[in-house]
Protein chains: 2
Amino acid sequence: MSAPDRRRRMSTITDVAREAGVSVATVSRALRGLDRVSPRTRERVFKVATELDYVASPTATSLASGRTQVVGVVAPFLTRWFFATLVSAIEKTLRRHGHHVLLFDLEDEAYDRRLPLSQNMLWKRVDGVITLNLPMTDEELELVDRLGLPLVAIGTPVADRPNVRIDDAHAMRLATEHLVSLGHERIAYVGAVPSNVAHIQTPQARLDAFRDVMRSHGLAEHKQWILGSDWTADSAAHDTRTLLAAPDRPTAVAAASDEMAIGVMAAARALGLRIPEDLSVIGIDDHALSNVLGLTTVRQDVAAQGRQAAEILLQALGVDAPGGTATEVVVDTELVVRRSTAPPGS
Amino acid sequence: MSAPDRRRRMSTITDVAREAGVSVATVSRALRGLDRVSPRTRERVFKVATELDYVASPTATSLASGRTQVVGVVAPFLTRWFFATLVSAIEKTLRRHGHHVLLFDLEDEAYDRRLPLSQNMLWKRVDGVITLNLPMTDEELELVDRLGLPLVAIGTPVADRPNVRIDDAHAMRLATEHLVSLGHERIAYVGAVPSNVAHIQTPQARLDAFRDVMRSHGLAEHKQWILGSDWTADSAAHDTRTLLAAPDRPTAVAAASDEMAIGVMAAARALGLRIPEDLSVIGIDDHALSNVLGLTTVRQDVAAQGRQAAEILLQALGVDAPGGTATEVVVDTELVVRRSTAPPGS
DNA sequence: CTGAAAGCGCTTACAG
DNA sequence: CTGAAAGCGCTTACAG
């Protein structure tokens, strides 16, 4: 900006054509590796293009071809570990195949509300869309259809689009069974869904699975031990305090995410409870901090989910990329036992 | 994808012109709010545009105008809280002013190395660039100059481009002075720079400030108490273990970031040390988890830095946005005392 | 194998 | 205040 203006006129396809003594059509074909170009011509074009630092204008290419080589990635938040990790993996996968990420953070000031996707964001701007754990409204789905954009959903499924996720029920079953197998009977749960977001699948599926396991072992379910939360560590710590301070407190807590589990551990420690002696805590994710904090958890490979979603979308775009055209990918989860769980009163 | 193809032909400016009975030039002017259009004409054009669901093709607009309304945001990582928070704030600010974020995650497989920015990523793809704590090579700078792209740097400054950051030295001085004022004399430091990334300003500035404060109070500096780290909680925990297990361990640790401080706290607890009785720990950031973990820290407003950088860039792009044309913004920091610090042996 | 020409859908002087 | 026309820089049939 205050820097000296060293801006140069960038060369265009016409410059290359003139310099190489061929037509622009031939330059276009040669550079894009299409056939029907003689080896000698192609070589000469490449040489000239390099000399002139020629890079095709994506803007002109897009107008002519109708493709932008850009994928819209739509997230309800960005600052949470799960979403940032997905975006990072998607970006790297797409770039490796010549595509770019246009990012949309739909987080709104108001909790539990989000900005809607609009034609303005997508039309002639992206070739496809990846949603991150984001239920789509009918209007949004209609829009994406109308624009003819392929879509891949990570987490929360979207209509009958390809979907990449973990088995939420299975993950929570692993977590709960782990606590039960240690001998816990008084188990609380953090991460129930507020009724106004009941359309998001993950929280509901995890809660249902928790209940199933409890029931299958004949364990009592205390209504007041099922806690809601906005899925942050802060809120989990806050919401859980009263419960943990009570004399008849639970001996274990299953949290629907590691961030909430970390909040629960902190709340417990602040009350003088020892972990795992006085309270066992388990989460789901294997968050970047879980290892160091000694949190037992059910690990999911988030980056792998981002990678696979990107590959499926690339396939749909006709790009020669690895990965099949799978319509449903369920990524494995695994129990990782660390220091936050033990038999009750141990 | 497997969804029924409801794709519709989207209407173009020609459709609107025909329907409104005016020329495409008039439609263009009317819709963009340029003057020299009669109110009646403008109204009619708007009405028709709405009826036809007309949205100008960004791809055609870009080719004709030379502007893409897209800003490249370049990060060395995405999965760390600081960077994700910046990107989120930038995205929202830009979108509010009709601009979009094209995201580049330059993290490489190899630690301490990163992918280079190339003409391919930027040319006719973005109108400007925001770098997130990213030193630029001479080649990259030359490229950005050549393409005539305005650039705003957050954190690590870039040549003489506008820069938004905190005062790293001041932040670490606040942290260290806090420990000293509590009576600590045996203070270790985590977050020294590997020599191969010594060109990144933040780590060096914080370490220097720590040393200054120690010296100014006549406190001994133990060489083996200055620990390197890759700035993750895991590595901080690992690197700090030996130190904390020694009989002549420090009574306090100043970490150059909260994530590292969290690692130190975890390592200490794993060794049976109580915080803050046996060890005080302080960080810098006010990470999303710091509050719940009771970490004393020096808070920086990361979102504000993202917002301001975006506003400065918008100004440089000639967009009517708030914020001045400042060339250097230093955002305030403040000490936040929580439960991880106390007088030694308290 | 190669080129001339139309076309993608806008914006921008220039005339009037 | 409005329109005709050139131009942005490519890709894509179509001829040859």
Side-chain angles (χ1 to χ4, degrees), chain A residues 8-46 48-49 52-70 98 119-120 123-125 127 147-148 318, chain B residues 8-46 48-49 52-70 98 119-120 123-125 127 147-148 318:
Chain A
R8 270 200 339 231
R9 179 177 165 286
M10 306 303 292
S11 34
T12 69
I13 197 171
T14 310
D15 299 326
V16 177
R18 188 191 318 110
E19 199 69 23
V22 295
S23 70
V24 297
T26 299
V27 174
S28 176
R29 283 189 221 103
L31 258 24
R32 285 182 301 145
L34 302 189
D35 48 6
R36 315 214 150 201
V37 177
S38 82
R40 293 198 50 242
T41 304
R42 190 187 303 275
E43 198 183 338
R44 185 149 32 90
V45 169
F46 263 97
V48 172
L52 298 185
D53 272 335
Y54 173 71
V55 169
S57 157
T59 240
T61 301
S62 296
L63 182 58
S65 72
R67 311 269 309 238
T68 61
Q69 316 269 91
V70 173
Q119 183 166 332
N120 247 310
W123 171 230
K124 287 294 179 189
R125 202 154 248 153
D127 293 340
L147 301 182
Chain B
R8 271 200 338 229
R9 177 178 166 285
M10 306 302 291
S11 35
T12 70
I13 196 171
T14 309
D15 300 326
V16 178
R18 189 191 320 108
E19 200 70 22
V22 295
S23 71
V24 296
T26 299
V27 173
S28 177
R29 283 190 220 104
L31 257 24
R32 285 181 301 142
L34 301 189
D35 49 6
R36 314 217 150 203
V37 177
S38 81
R40 292 199 52 242
T41 304
R42 189 187 303 275
E43 197 183 342
R44 185 148 32 91
V45 169
F46 263 96
V48 171
L52 299 185
D53 272 333
Y54 172 71
V55 169
S57 157
T59 239
T61 300
S62 296
L63 182 58
S65 72
R67 312 270 309 237
T68 60
Q69 315 270 90
V70 173
Q119 183 167 332
N120 248 310
W123 171 229
K124 287 294 179 189
R125 203 154 248 153
D127 294 339
L147 301 181

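Only heavy atoms go into these numbers, but all of them, side chains included; no hydrogens, no water, no symmetry mates. Below, chains carry the letters A, B, ... as their sequence lines are ordered, and counting in each starts from 1.
Side-chain atoms of A:Q119 and B:M10, non-hydrogen and from C-beta on, do get closer than 4.5 Å to each other. Looking at B:T41 and B:R44, their side chains come closer than 4.5 Å, going by heavy atoms from C-beta outward. Between B:R125 and A:V55 the shortest side-chain heavy-atom distance does not fall below 4.5 Å. Residues A:R32 and A:T61 have side chains not in contact (no heavy-atom distance under 4.5 Å, counting atoms from C-beta outward).
For the atom pair OG (A:S62) and NZ (B:K124), the distance works out to 12.5 Å, reported to the nearest 0.5 Å. For the atom pair A:I13 CD1 and A:L52 CG, the distance stands at 12.0 Å (nearest 0.5 Å).
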Please write out the pairs of protein N or O atoms and N or O atoms of nucleotides 12-16 of chain D separated by less than 3.5 Å, giving the distance to one decimal.
residue	atom	partner	partner atom	Å
D:dT12	OP2	A:R32	NH1	3.1

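Distance B:R67 CZ to C:dT11 P: 13 Å, rounded to the nearest Å. Note: CZ (A:R9) to P (D:dG9) measures 7 Å, nearest angstrom. Remark: P of D:dG9 and OH of A:Y54 are 10 Å apart, rounded to the nearest angstrom. When rounded to the nearest whole Å, the span between CZ of A:R44 and P of C:dC1 equals 14 Å. Whole-Å rounding puts the B:R18 CZ to C:dG9 P distance at 12 Å. When the C1' atom of C:dC10 is taken as reference, atom CD of B:Q69 falls 13 Å away, rounded to whole Å. When the P atom of D:dT11 is taken as reference, atom CG of B:L63 falls 12 Å away, rounded to whole Å. Whole-Å rounding puts the B:R40 CZ to D:dT2 C1' distance at 14 Å.
The phosphate of C:dA4 has neither OP1 nor OP2 within less than 4.0 Å of any side-chain N or O from A:S23. Considering only side-chain N and O atoms, B:S38 lies nowhere under 4.0 angstrom from the phosphate OP1 or OP2 of D:dC1. Using a 4.0 Å cut-off, no side-chain N or O of B:S57 falls inside it from OP1 or OP2 of C:dC10.
Taking A:R67 as the reference, A:D127 meet the salt bridge (charged side-chain N to carboxylate O under 4.0 Å, His left out) condition, with sequence neighbours excluded.
Within 6.0 Å of CZ in A:R40 there are 12 or fewer heavy atoms belonging to other residues, nucleotides or ligands.
Contacts of B:T41 with the nucleic acid, taken as non-hydrogen atoms under 4.0 Å apart, involve only primed sugar atoms and P, OP1 or OP2.
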Secondary structure of DNA chain C in dot-bracket form (Watson-Crick or G-U wobble, distances below 3.5 Å, | marking inter-strand pairs) = |||.||||||||.|||
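Taking every heavy atom of both residues into account, B:A56 and A:W123 meet most closely at O-CD1, 4.1 Å.
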